[in-house]
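See structure below.
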Amino acid sequence: MPELPEVETIRIGLDKLLPGKKVISEIHDWDKGFPNSKYDVQQFLTGAKILCVRRRAKVLLIELDTKYSLAIHLKMTGQLIFISKTKERWGGGHPSDSLVGHMPDKSTRVTLLFSDGSKLFFNDQRKFGWMRLLPSAEVSNLDFFKKVGPEPLSANFFAKEFRGRIRRRPSSTIKSALLDQSVIAGIGNIYADESLWEARIHPSERVNNISEAKLNTLFKSIQSILRLAIDKGGSTDRNYVNARGQRGSYLEFAKVFRREGQPCFRHPKENIIKLRVAGRGTHICPKCQKLRSTAENKAIRV
DNA sequence: CACTTGACCTGTCCGC
DNA sequence: TGCGGACAGGTCAAGT
């Protein structure tokens with residue numbers, strides 16, 4: 001679930017909390033947390049001071065003063081939760097909030113202890129996520145970074161490049177192209193659905209059936225939705241929380257995601273439906289988002 | 001080659 | 001109440 005806005009929200013939080021902290025020890029009892037590490041994590045992490053926290057695509061980069069970087073991918077259920085020396089509980093505050101808890105919990109994979117007594121917990125229920133400690137100069141050599149596409153909110157990223165990159169997948173569905181991290185970085189299932197509704201494009205539409213004008217609209221939709229989502233602290237669908245253990249509120253503003261059976265905001269008499277596109281649960285308004293070919297439109301709905 | 005599907009995991013929810 | 005199965009989705013490997 002962490003997509004660009006969630007990872008960016010965590011980054012903003014960690015970048016306020018972590019710089020200057022010195023790692024005094026590191027605990028991990030889960031080998032997969034540091035897969036194929038060439039570097040002894042204890043040796044290269046202990047004593048390092050944190051400089052800043054950056055993000056590329058959905059990967060967080062904790063930069064150390066030793067010219068090493070800790071790269072972290074949260075995949076679907078990863079959390080990074082910071083707890084200060086005096087605080088034991090984390091979370092949003094209400095006692096009934098199921099996301100509030102104590103750290104470490106049974107999903108904690110890695111714990112960093114800092115010299116001032118504060119701690120950073122890497123939790124991952126489903127164990128899909130990873131951390132890698134490596135020389136900062138080698139970060140760009142990670143397979144993931146070698147092929148990942150541009151940042152959608154970069155000041156240097158324009159509609160022309162967006163269209164060009166999307167069109168490299170002419171016969172795939174537009175949703176599949178949006179989810180392809182080598183085309184554009186950071187979009188996942190939630191924001192793909194939201195952006196396509198905003199741009200009135202059916203997720204199953206083939207790229208080469210989509211006009212240049214529609215792709216321009218989609219480009220703007222992606223940017224405005226990602227910006228709004230960052231502003232709202234991301235989307236908490238299941239277990240996403242920010243660095244302080246707080247939920248994001250974007251889903252209160254979502255137009256289609258997880259709204260199946262509820263009315264479309266443009267067509268109050270039409271209900272949002274859920275389909276399967278690109279192997280993912282996909283939410284659309286059947287009136288706003290029609291396939292260009294009506295024959296396909298009917299076939300898909302059966 | 002271009003694209004789609006399955007595997008990786010675990011917790012939750014639904015129907016029987 | 002317990003149990004099996006479907007589902008959730010980011011990315012990579014394997015399959016078509």
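Note on naming: letters A, B, ... go to the chains in the order of the sequence lines (proteins, then strands), and numbering restarts at 1 for each one. Remember, predicted model here, so these are calculated numbers, not experimental data.
- Counting all heavy atoms, side chain and backbone alike, A:Arg167 lies closest to A:Val207 at NH1-O, 3.2 Å.
- OP1 or OP2 of B:dA2 has not a single side-chain nitrogen or oxygen of A:Ser171 nearer than 4.0 Å.
- If you check every strand for non-hydrogen atoms under 4.0 Å, A:Tyr191 touches nothing.
- OP1 or OP2 of B:dC3 has at least one side-chain nitrogen or oxygen of A:Arg169 nearer than 4.0 Å.
- Residue A:Ile166 contributes atom CD1, which lies 12 Å from atom P of B:dC3 at whole-angstrom precision.
- Ring geometry for A:Phe219 versus A:Phe162: interplanar angle of 30 to 60°, hence tilted.
- Relative ring orientation between A:His73 and A:Trp130 is described as tilted, the plane-to-plane angle lying within the 30° to 60° band.
- Across the protein-nucleic acid pair, A:Asp193 atom CG and C:dG10 atom C1' stand 15 Å apart, rounded to whole Å.
- Rounded to a whole Å, the CG atom of A:Leu179 is 9 Å from the P atom of C:dT11.
- Comparing the same atom, P, in C:dA14 and in B:dC9 gives a spacing of 15 Å after rounding to whole Å.
- Rounded to whole angstrom, the span from the CD1 atom of A:Ile187 across to the C1' atom of C:dT11 amounts to 16 Å.
- Nearest approach of A:Thr282 to A:Pro203, heavy atoms of both residues: CG2-CG, 3.5 Å.
- Scanning both residues, A:Arg244 and A:Leu17, for their nearest heavy atoms gives NH2-CD2, 3.3 Å.
- The side chain of A:Ser172 places no N or O atom within less than 4.0 Å of a non-bridging phosphate oxygen (OP1 or OP2) of B:dA2.
- Residue A:Arg132 contributes atom CZ, which lies 11 Å from atom C1' of C:dT11 at whole-angstrom precision.
- Between the CD1 atom of A:Ile174 and the P atom of B:dC3 there is a distance of 12 Å, given to the nearest Å.
- A salt bridge links A:Asp193 to A:Lys175: one of the charged nitrogens lies within less than 4.0 Å of a carboxylate oxygen.
- For the residue pair A:Thr9 / A:Asn242, no side-chain donor-acceptor distance below 3.5 Å is found, with atom types taken as modelled.
- Look at A:Arg55 and A:Glu151 and you find a salt bridge, because one of the NZ, NE, NH1 or NH2 atoms lies within 4.0 Å of a carboxylate O, short of that distance.
- The side chain of A:Gln181 places an N or O atom within less than 4.0 Å of a non-bridging phosphate oxygen (OP1 or OP2) of C:dT11.
- Taking side-chain N and O atoms only, A:His73 has no distance below 4.0 Å to OP1 or OP2 of C:dG10.
- A stacking contact between A:Phe128 and B:dC9 is absent: the pair does not combine a ring-centre distance of less than 5.5 Å to the base's six-membered ring with planes differing by less than 30°.
- Two residues, A:Arg280 and A:Asp237, neighbour DNA chain C, and the one matched to the more 5' nucleotide by heavy-atom proximity is A:Asp237.
- Between B:dT10 and A:Lys127, a contact under 4.0 Å exists linking OP1 or OP2 to a side-chain N or O.
- As rounded to whole Å, 12 Å separates atom C1' of C:dA6 from atom CZ of A:Arg238.
- Contact annotation for A:Gly279: no contact, since no heavy-atom pair falls under 4.0 Å across all strands.
- Between A:Ser235 and the options A:Tyr250, A:Tyr191, A:Tyr240, a side-chain hydrogen bond (donor to acceptor under 3.5 Å, both in side chains) holds for only A:Tyr191.
- Residue A:Arg276 places no side-chain N or O under 4.0 Å from the OP1 or OP2 atom of C:dC7.
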I'd like a table of atom pairs between the protein and nucleotides 13-16 of chain C - only N or O on both sides, under 3.5 Å - with the distance next to each one.
none

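- As judged by a 4.0 angstrom heavy-atom cut-off over every strand, A:Ser107 is placed among residues making no nucleic acid contact.
- With distances taken from any side-chain atom of A:Arg206 to the nucleotides B:dG11, B:dT4, C:dG10, the minimum falls on B:dT4.
- Atoms CD (A:Glu6) and C1' (C:dG10) sit 12 Å apart, rounded to a whole Å.
- Here B:dT4 is the nucleotide among C:dA8, C:dT11, B:dT4 with the atom lying nearest to any side-chain atom of A:Thr173.
- Within the 4.0 Å cut-off from OP1 or OP2 of B:dC8, not a single side-chain nitrogen or oxygen of A:Lys75 is found.
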